[in-house]
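Worksheet for the structure shown next.
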Amino acid sequence: MTHPSRTPVPKRPRNLLLALLLAFCGGAFADDLVVVRQPSGSEIGRLIRPPAGCAVGSEIVLLSSAGTERVLTPGFIAACDPAVSFDGRQILFAGIRTGDRSHIWRMDADGSNKVQLTSGMDTFTSPLWIGAIFHLDDDAPTERVAYLSSGTGWLDEETSGSVVALFTADLDGGNPLRISFHPRSDLDPDVLPNGRLIFPGWGFAGRDPLGTRLSLMAVNNDGTDLMAYYDNHDGPPLPHAVGVGRDGRVYFVEGDGTRPLGGGDLAYISLRRPLHSRTLLSEAGDGSYLDPLPLADGGLLASYRPPGRDAVYGLYRMDPGTGDRLELFDGSPDFHYLDAQELAPHPRVKGRSSVVDISKTTGVFFCISSHITDRPGLEHLKAGAASSVRVVEGVAPDLTVHPPRWSRRTLGDVPLENDGSFHIEVPAGVPLRFELLDDRGATVARQDSWTWVMPREWRGCIGCHEDREMAAPNVLAEAFVKPAVRLGQPSEEKQP
């Protein structure tokens with residue numbers, strides 16, 4: 001079935017005062033926008049998406065600076081997740097044209113020349129233009145795109161569907177590479193100016209082995225050097241809908257899982273101090289925000305849904321200094337207006353060099369000293385309470401066993417050197433976490449999120465939850481002058 005295109009509808013300010021305010025602010029927006037127009041009453045959430053991907057009936061619409069609308073995706077059952085290229089000439093999006101699976105598409109800015117980039121029976125969403133990647137033996141850097149895909153072969157216990165993970169690919173969809181390996185589904189990414197991807201990922205909470213609290217994670221475009229960007233230990237549990245600005249901020253929505261389409265309050269962190277700068281910009285009250293868009297003129301656009309059972313999300317211009325909002329145009333009670341993007345050139349992010357070699361099966365972790373920490377409650381580590389490190393692997397469910405469940409197994413325990421250092425080789429592309437043990441084998445510290453290494457990656461850390469704003473000690477750790485201890489023998493020999 002196809003969804004018919006709609007007649008362009010001019011948008012008008014609600015009253016003279018609003019018109020004067022818009023004129024004073026330089027108009028509703030300086031450039032054209034592309035937005036997702038989604039039918040009201042849609043049940044698809046904005047956190048972990050079900051296998052359908054885009055909501056049926058959703059369309060990508062061009063909102064001109066003159067105030068008219070034009071559907072760019074006629075003939076699609078559903079279309080969502082628009083992403084404008086750095087030169088402003090092309091748009092990536094997720095779309096369902098036939099069947100019930102969304103794929104990644106590319107079109108020109110006027111909606112012409114649509115090309116499908118992905119294929120198969122998996123679901124693909126949230127495409128993103130990212131920086132180029134370069135290996136030392138490449139003739140030239142290769143431009144890449146990123147997206148989310150269900151093609152992992154892993155079960156997400158929360159959704160009972162496939163785990164959705166980050167992938168990258170060439171501009172034509174070739175050479176796909178999985179770059180995230182969490183046991184639960186990752187959420188929509190954005191790209192930082194330095195070329196790293198930022199995305200919401202699940203961390204531990206209490207005894208939950210898979211995680212019930214999101215943090216904002218950052219990773220290179222080849223899957224290396226995963227780190228917490230905003231380590232959400234105390235804030236609302238579901239930060240998501242990330243928008244990287246040109247004003248030195250990363251905006252996001254703080255959801256609690258109770259508001260329509262996953263909405264919440266509007267917050268930001270600074271690019272300079274992301275771990276220590278979380279600021280609440282605008283409380284939604286009984287309403288909810290979604291999809292902040294930092295604008296080229298220094299302003300901010302966001303979708304906002306006022307209180308009310310039948311209310312819908314409309315586009316509001318925000319004051320990034322005060323968090324005040326101003327509605328840009330009348331909305332329709334039949335649609336949510338979501339995921340706005342400026343249809344204009346914007347700064348190209350930096351490319352990244354890569355050491356990943358997909359012909360390899362392992363990578364390396366090394367640590368300067370597990371005695372180094374700044375986490376409250378772990379002061380005992382500074383006195384050398386830990387004597388060994390245990391590496392735990394998350395094991396994907398056997399789908400032939402009912403009910404299928406993720407499990408954990410120990411890859412091995414490695415003694416720490418006298419200075420607290422270690423140097424280990426582990427399987428690549430699997431979820432891992434670390435535990436520190438005392439000399440009796442009791443756990444004295446435990447990592448509260450999953451991590452991984454890519455094939456042939458060398459991944460280092462300073463300590464156990466060290467202050468990452470401080471320089472690393474200028475020492476040659478004892479473990480570094482010794483060969484890496486290899487962990488991860490054949491599955492039948494691993495400890496349960």
Side-chain angles (χ1 to χ4, degrees), residues 1-14 18 28-29 33-64 67-82 93-97 100 102 125-126 187-188 238 240-241 243 253-266 282 284-293 301-318 325-341:
M1 130 182 175
T2 61
H3 198 80
S5 60
R6 299 181 182 272
T7 303
V9 178
K11 299 297 181 179
R12 298 173 299 169
R14 288 185 173 179
L18 181 56
F29 36 81
L33 299 175
V34 287
V35 304
V36 175
R37 193 169 68 182
Q38 178 173 313
S40 60
S42 302
E43 298 299 328
I44 284 186
R46 295 291 294 175
L47 295 179
I48 296 180
R49 295 170 182 260
C54 310
V56 172
S58 58
E59 304 164 313
I60 295 177
V61 176
L62 173 66
L63 303 185
S64 76
T68 60
E69 295 185 11
R70 182 168 64 86
V71 176
L72 297 181
T73 53
F76 279 76
I77 297 171
C80 62
D81 300 337
F93 67 98
I96 305 174
R97 200 162 200 173
D100 61 355
S102 62
T125 59
S126 307
L187 276 65
D188 300 9
L238 304 174
H240 69 112
V253 169
E254 293 189 322
D256 58 11
T258 66
R259 306 189 202 186
L261 301 183
D265 299 330
L266 199 59
S282 184
D286 293 330
S288 53
Y289 286 104
L290 270 178
D291 301 329
L293 171 67
L301 201 67
S303 296
Y304 175 73
R305 180 186 186 274
R309 180 177 178 180
D310 297 324
V312 294
Y313 284 93
L315 293 178
Y316 285 72
R317 181 135 186 171
M318 308 290 298
R325 60 182 173 267
L326 179 66
E327 187 175 13
L328 290 181
F329 57 87
D330 288 333
S332 165
D334 298 326
F335 297 101
H336 302 289
Y337 286 81
L338 305 169
D339 207 5
Q341 306 290 321

Shortest non-hydrogen contact between H336 and P39, atoms and distance: CD2-O, 3.8 Å
Any side-chain heavy-atom pair of V56 and I77 under 4.5 Å: yes
Close side-chain approach of R317 and L293, heavy atoms under 4.5 Å: no
Validation row: F335, Q38 side chains within 4.5 angstrom (heavy atoms): no
Parallel, tilted or perpendicular, as decided by the 30° and 60° cut-offs, for the rings of Y289 and Y304: tilted
Closest heavy-atom pair and its distance - V253, P292: CG2-CD, 3.9 Å
Non-neighbouring partners of D256 that pass side chain to side chain donor-acceptor pair (under 3.5 Å), sequence neighbours left out: T258
Electrostatic pair R259:D265 at N-O distance under 4.0 angstrom: yes
Minimum side-chain heavy-atom gap R305-L261 below 4.5 Å: no
Closest approach of C54 to I96 (non-hydrogen atoms, all atoms of both residues): O-CD1, 4.2 Å
Contact check, side chains of F93 and Q341, non-hydrogen atoms, under 4.5 Å: no
Side chain to side chain, Y313 and S288, heavy atoms closer than 4.5 Å: yes
Heavy-atom check, side chain of L315 versus side chain of L63, under 4.5 Å: yes
Nearest heavy-atom neighbours spanning A78 and A55: CB-O, 3.2 Å
